[in-house]
Novice: 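Following this message is one structure expressed as structure tokens.
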2 protein chains.
Amino acid sequence: MTSDFGQFCPIALASEVLTQKWMLLIIRELNAGSTRFNDIRRGVPRISATLLKQRLNQLEHAGVIIRQPHDNGGDDYLLTEAGRELKSVLAPIGEWGQRWAREIDDGDLDPGWLVWAMHRRLDLSKMPAGRTVLEIAFTDAPKDQRFFWLVCENNNVEVCVKPTGFDVDLRVSTSVRIFAEIWRGLRPLQPEIANGAIRLEGDTNLMRDFPGWLLLSVFAKTKQQR
Amino acid sequence: MTSDFGQFCPIALASEVLTQKWMLLIIRELNAGSTRFNDIRRGVPRISATLLKQRLNQLEHAGVIIRQPHDNGGDDYLLTEAGRELKSVLAPIGEWGQRWAREIDDGDLDPGWLVWAMHRRLDLSKMPAGRTVLEIAFTDAPKDQRFFWLVCENNNVEVCVKPTGFDVDLRVSTSVRIFAEIWRGLRPLQPEIANGAIRLEGDTNLMRDFPGWLLLSVFAKTKQQR
DNA sequence: CGGTATCCCCGTCGATACTG
DNA sequence: CAGTATCGACGGGGATACCG
């Protein structure tokens, strides 16, 4: 799709790049900090490798990113100034989506994506110093997507899909749907802990401070309108 | 394309609607004031009737517009609050396009579209009272797109592709490329009048005030960066 | 004017397998 | 890990004709 709208309106020209399938989500990942091929994929899990590479090439061609060879093979994909300025495009789109977009259905509830989103929204400054290991257990997810682990240390959070070998400091058990609705800001967190829809087990301080360091979606504070 | 990105991120949900082909341009037209099927088409001339209708249906389904039966047949397509809020999405996309999008080529230089864009960007308060008829002559356009007429009166501007029957008050002759570059804010207007790249003939006051009432693109003041 | 109906092509994309 | 190559299916959408 999408090229040659036959007009030189800046919105049309920008659309040639931005409205390609998956493009905004890739740009969102880049602006969230991902630079590596497979990191981007974790934020956009349903895209194929072929297509992601093609989109990255288009972004490079459009001057949104540059490639930089990486030691361990592959490239780093780094935003240019033009790419960083796309934050000002993503923000209002997300706000609008939060206010007006359709309700979500079960097909949108990807547990892995939710954990990947979480890993960028933990306030490490409000967590204990040193290493903290979280286990997320989605009670209603298929077996291979039921458990995830977040290893937090040194201003860095790693997402694992297998046990880490470290002791778990806090286990969070919940259904994907409930947690997603909290994540989106559609329901408050505290009552769901109180009524047991979210179960916390482990370190007492971590449990107590959980609502403090779990930052939720960037758009959680924007009120839904429909 | 575009549905089911498999995640409930608001940017993904908004993308399902907004990144459909032609969609942003249709929304731009609606937000510029068009409500009728063929008015929208004049702002998006390369879209087929079938596809435009399909997109309008999708916008209605997404709650961006509502349809209202019109006396002369067809419907008025009216923005909802959700639709009006998309202004906040269009603006940064246009700004980004103006700053960073590719250079335009000859295929983007649609004279009819340029005149249609112009008709929304005339400051009638700076034009004489009563009716003013402008003739635009694109010296380098194919015969059937060489002449256009703008009939300005009563806070309303009409675009015609055939002589109007009224006397012409001001004739503007220029190449599409030059006028497009001025329109986009890439070069100043006055020198091009002085050096004859834009030729004005007709009412002396209209000629003198031309740079005052020709408002140019909404994004003309945003400086290109590439 | 404001659409619908139909046909059909070509490009997009997913899936799978393979490589350095 | 970070891709590339190939292939085939599907469906988006252009073109054209028609209609109330």
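None of the values given here were measured: they were computed from a predicted structure. For the numbers below, each heavy atom of this structure counts, side chains included, while hydrogens, waters and symmetry mates do not. The chains referred to below are lettered A, B, ... by the order of the sequence lines, with proteins before strands, and numbering in each begins at 1.
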Novice: Could you run down the sub-3.5 Å N/O contacts of the protein with nucleotides 14-20 of chain D?
Specialist:
residue: D/dG14; atom: OP1; partner: B/K21; partner atom: NZ; Å: 3.2

Novice: Within this structure, what is the CZ-to-P distance between A/F37 and D/dC1, rounded to whole angstrom?
Specialist: 11 Å
Novice: Any salt bridge linking A/R177 with A/D106? Criterion: basic side-chain nitrogen under 4.0 Å from a carboxylate oxygen.
Specialist: yes
Novice: Separation of A/N57 atom CG from D/dT4 atom C1', in whole Å?
Specialist: 11 Å
Novice: Treating B/N155 as the side-chain partner and B/L124 as the backbone partner, does any N or O pair qualify as donor plus acceptor under 3.5 Å?
Specialist: no
Novice: Quick one: is A/N72 getting a side-chain N or O under 4.0 Å of the D/dC1 phosphate, OP1 or OP2?
Specialist: no
Novice: Take atom NZ of B/K53 and atom C1' of C/dA5, then tell me their distance rounded to the nearest Å.
Specialist: 15 Å
Novice: Give the rounded distance in Å between these two atoms: CG of B/D76 and P of C/dG3.
Specialist: 10 Å
Novice: Side chains of A/T35 and A/D76: is there a donor and an acceptor less than 3.5 Å apart?
Specialist: yes
Novice: Donor-acceptor pair, distance only, cut-off 3.5 Å: does the side chain of B/W113 make one with the backbone of B/R42?
Specialist: no
Novice: Over how many whole Å does the gap from A/I40 atom CD1 to D/dC1 atom C1' extend?
Specialist: 14 Å
Novice: Figure out the CG/P separation between A/L52 and C/dA15, and round it to whole Å.
Specialist: 15 Å
Novice: Mind calculating the distance between CG (B/D4) and P (C/dT12) to the nearest angstrom?
Specialist: 21 Å
Novice: Taking the side chain of A/R36 as heavy atoms from C-beta outward, which of C/dG3, D/dC1, D/dG3 is closest to it?
Specialist: D/dC1
Novice: Taking the nucleotide of DNA chain D with the closest heavy atom to each, which residue, A/R67 or B/Q54, is nearer the 5' end?
Specialist: A/R67
Novice: Quick one: is A/R55 getting a side-chain N or O under 4.0 Å of the C/dC13 phosphate, OP1 or OP2?
Specialist: yes
Novice: About how many Å separate CG of B/L150 and NE2 of B/H119, when rounded to the nearest 0.5 Å?
Specialist: 8.5 Å
Novice: Judged by atom type as modelled, is there a donor-acceptor pair below 3.5 Å linking the side chain of A/D105 to the main-chain atoms of A/G107?
Specialist: yes
Novice: Using whole Å, report how far CG of A/L56 lies from C1' of D/dG3.
Specialist: 11 Å
Novice: Is the number of heavy atoms from other residues, nucleotides or ligands within 6.0 Å of NE2 (B/H61) greater than 12?
Specialist: no
